[in-house]
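The structure under discussion appears below in the form of C-alpha cells.
Here is how names work: the chains are called A, B, and so on, in the same order as the sequence lines, proteins then strands, and each is numbered from 1. Values below: all heavy atoms of this structure, side chains included; hydrogens, waters and symmetry mates excluded. Because the structure is a prediction, the values reported are computed rather than measured.
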Amino acid sequence: MANMIVASSNAKPLTPPTTTFQQHSPKPRLQIPQLSFPNKITQKLSSVATAATTLKSLSLLAVSSLTFAPPSLAAEIEKAALFDFDLTLPIIAAEFLLLMFALDKVYFSPLGNFMDQRDAEIKEKLNSVKDTSSEVKQLEDQAAAIMRAARAEISAALTQMKKETQVEVEKILAEGRKKVEAELQEALADVEKQKEATIKALDSQIAALSQDIVKKVLPVK
Amino acid sequence: MNVISCSSNTLKVLYDISGVEVGQHFYWQIGGLQVHAQVLITSWVVIAILLGSALIAVRNPQTIPTAGQNFFEYVLEFIRDVSKTQIGEEYGPWVPFIGTMFLFIFVSNWSGALLPWKIIQLPHGELAAPTNDINTTVALALLTSVAYFYAGLSKKGLGYFSKYIQPTPILLPINILEDFTKPLSLSFRLFGNILADELVVVVLVSLVPLVVPIPVMFLGLFTSGIQALIFATLAAAYIGESMEGHH
C-alpha cells in the first residue's frame with residue numbers, strides 16, 4: 001500500500017500544474033528525495049550518492065522551514081480550497097438519505113424483524129421446554145408409583161409362595177416322619193418277636209443242657 | 001533572508017514531492033454549479049459496498065446464521081445498543097438513521113485508509129475518503145441537526161422550544177448557540193481527524209517509504225473507527241436529548 005501511495009505521489013509532478021500553488025512554485029532545486037523511491041523511472045539520476053545523507057538534512061530543513069515559513073507561502077496554501085462549499089453538500093445529503101432508506105429496506109428492517117422473531121421463537125420454545133419438564137416430572141412420579149406398587153405386589157406374592165411351599169414341605173416332612181416311625185415301630189416289633197422266640201428256644205435248650213450237666217455232675221448211682 | 005528563501009523553497013519541494021494535495025478538487029459542472037467529483041465517486045463506491053454486502057449477507061436470513069449474516073447481525077445489535085443507550089426505549093425508529101450514519105462514516109473512513117484509491121489518476125485532485133471533504137461532514141452534521149429538531153418537534157410539538165429557557169431564561173443565548181455549535185463541532189471533528197490522518201500517512205510515506213508509516217496507518221484505522229462511533233453516538237445523544245421529557 002505504501003508503494004502505491006508513493007507511486008501515485010511520484011506521478012503527480014507529471015500531471016499538468018493546474019493549481020495556483022503549483023504554478024507559483026519554481027523548479028525544484030532538491031530532487032534527491034525522489035530517488036529514494038523504488039519504482040521511480042523517469043527521474044534524473046543526478047545525485048544518487050548523496051541520497052542517504054540528504055534524507056537527514058531534508059528532515060532538518062523541513063523542521064527549520066516550518067519555523068521560518070514566510071507568510072506569503074501560508075497565503076498560497078490557503079488559496080487551495082479546503083473549505084470549498086458547493087453543490088457537493090446537498091448531493092451528499094441526498095445520497096445519505098437515499099442510502100438510509102435503501103439500507104433500511106435491505107438491512108435494518110428485514111434483519112431486525114427476523115432477529116426479533118427468532119428471539120420470540122426461542123423464548124417460546126424455552127418456555128415450552130420448561131412445561132415439558134414439569135410433565136416429565138409427573139411422568140417420573142407415575143413411573144415411581146407404578147414401580148412401588150409392582151414391587152409390593154411381587155413381595156406379597158413371594159411371601160405367599162414361601163408360606164405355601166413351607167406348608168407343603170412340612171406336610172411332606174411329617175408324612176415322611178410318620179412313615180419312618182411306622183417302619184421303625186414295625187421293625188422294633190419284629191425284633192421283639194425274634195427276641196422272644198430266641199429266648200423260648202434258648203429256654204428249651206437251657207433245660208436240656210441243665211439236665212445234661214446234672215447227669216454229668218451227679219453220676220447215676 | 002537567505003535562510004528563509006531557502007527554507008521556503010524546500011517546503012515547496014517537499015509539498016510537491018509528497019503529493020499532499022490539500023483542498024484540491026476534481027470539479028464537475030452541474031448546471032453552472034460545481035461539485036467535487038472525487039467525493040461523489042468515492043461516496044458512490046462506499047454506498048455500493050454497503051448496499052452490496054448487506055444485500056448479499058441478508059438476502060435470505062437463516063435461523064442459524066451463516067458467517068456473513070452473523071457479522072451483520074452483530075453490527076445491527078451494536079447499532080441498536082448504541083441507539084438504545086443514547087435515545088432510550090423509543091430508539092426503534094432511529095436505528096436506520098444512526099446505523100446509516102455509523103456505517104457510512106465508518107466505511108468511508110476505512111476506504112480512505114484501506115482502498116488503493118490513488119492508483120486511479122484523476123486529472124486534478126485525488127480520490128480519498130469522502131469524509132475528508134468538508135462538504136460531506138457538514139452535510140452529515142446538518143442532517144443530524146435536522147434529525148434532532150424533527151425528533152423533538154414530533155415528540156413534543158411546539159413545546160420543544162421551551163427547552164431554550166429551561167433551567168432559566170438567562171441561558172437562552174447559550175441554548176440557541178448550542179444549536180450552531182453542535183453541527184459545527186460534529187463536522188469539524190470528523191473532517192479534521194480524517195484529513196489529518198491521511199495527511200500524516202502521506203507525508204510520512206513521502207519521507208520514509210518503508211515500515212515507519214505502518215504504525216501510523218494502524219493508528220489511522222483506529223481513529224477512523226473511533227470517529228465513526230463518536231459521530232453516531234453524539235447524533236443519537238442529541239436526538240435522545242431533544243426527545244427526553246422535562247421534569
Cut-off 4.5 Å, heavy atoms of chain B, and the answer for Met115(A) is side chain
Just checking, is any N or O donor in the side chain of Gln185(A) or Glu181(A) under 3.5 Å from an acceptor N or O on the other one?
no
Kindly compute the distance separating OH (Tyr91(B)) from CG (Asp81(B)), expressed to the nearest 0.5 Å.
9.0 Å
Within a 6.0 Å radius of atom CD on Glu90(B), are there more than 12 heavy atoms belonging to other residues, nucleotides or ligands?
no
Contacting region of Gln62(B) [heavy-atom separation from chain A under 4.5 Å]
backbone
At a 4.5 Å cut-off on heavy atoms, which part of Leu143(B) comes close to chain A: side chain, backbone, both, or neither?
side chain
Leu103(A) versus chain B, heavy atoms under 4.5 Å apart: side chain, backbone, both or neither?
both
May I ask you to check whether over 12 heavy atoms, not counting those of Phe218(B), lie within 6.0 Å of atom CZ?
no
Top residue by heavy-atom pair count (under 4.5 Å) with chain B, among Asp116(A), Ile122(A), Leu97(A)?
Asp116(A)
For Phe231(B) and Thr144(B), run side chain to side chain contact (heavy atoms under 4.5 Å, CB included): C-alpha distance rounded to whole Å, both residues' side-chain angles, the deciding distance at 0.1 Å, then the answer.
CA-CA 9 Å; Phe231(B) 201 109; Thr144(B) 306; 3.7 Å; yes
So, the part of Phe96(A) with a heavy atom under 4.5 Å from chain B: the answer is both
Tell me, side chain or backbone of Ile214(B) under 4.5 Å from chain A's heavy atoms, or both, or neither?
neither
Could you measure the distance from the OG1 atom of Thr131(B) to the CD atom of Glu198(B)? Nearest 0.5 Å is fine.
7.0 Å
Looking at chain A, which one of Glu73(B), Glu77(B), Gln69(B) has the largest number of heavy-atom pairs inside 4.5 Å, strictly under?
Glu73(B)
Just verifying a value: how many Å separate Ile92(A) CD1 and Phe104(B) CZ, rounded to the nearest 0.5 Å?
5.0 Å
Side chain, backbone, both or neither: which part of Leu140(B) has an atom under 4.5 Å from a heavy atom of chain A?
side chain
Part of Leu204(B) lying under 4.5 Å from any heavy atom of chain A:
neither
Honestly, the part of Arg59(B) sitting under 4.5 Å from a heavy atom of chain A is neither
Asn135(B) side chain to Asp86(A) backbone, donor-acceptor under 3.5 Å:
yes
Please report the interatomic distance CD1(Ile79(B)) to CG(Leu103(B)), rounded to the nearest 0.5 Å.
4.5 Å
Who wins among Leu51(B), Leu50(B), Asp133(B), Ile30(B) for the most heavy-atom pairs under 4.5 Å with chain A?
Leu51(B)
How would you list, in number order, the residues of residues 141-154 of chain A that have a heavy atom less than 4.5 Å from chain B?
none
May I ask you to check whether over 12 heavy atoms, not counting those of Leu188(A), lie within 6.0 Å of atom CG?
yes
CG of Asp119(A) to CZ of Phe114(A): how many Å apart, nearest 0.5 Å?
10.5 Å
Could you give the distance from CG (Leu184(B)) to OG (Ser145(B)), rounded to the nearest 0.5 Å?
10.0 Å
Per-residue tally against chain B (heavy atom, under 4.5 Å) across Pro90(A), Ala93(A), Ala94(A) peaks at Ala93(A)
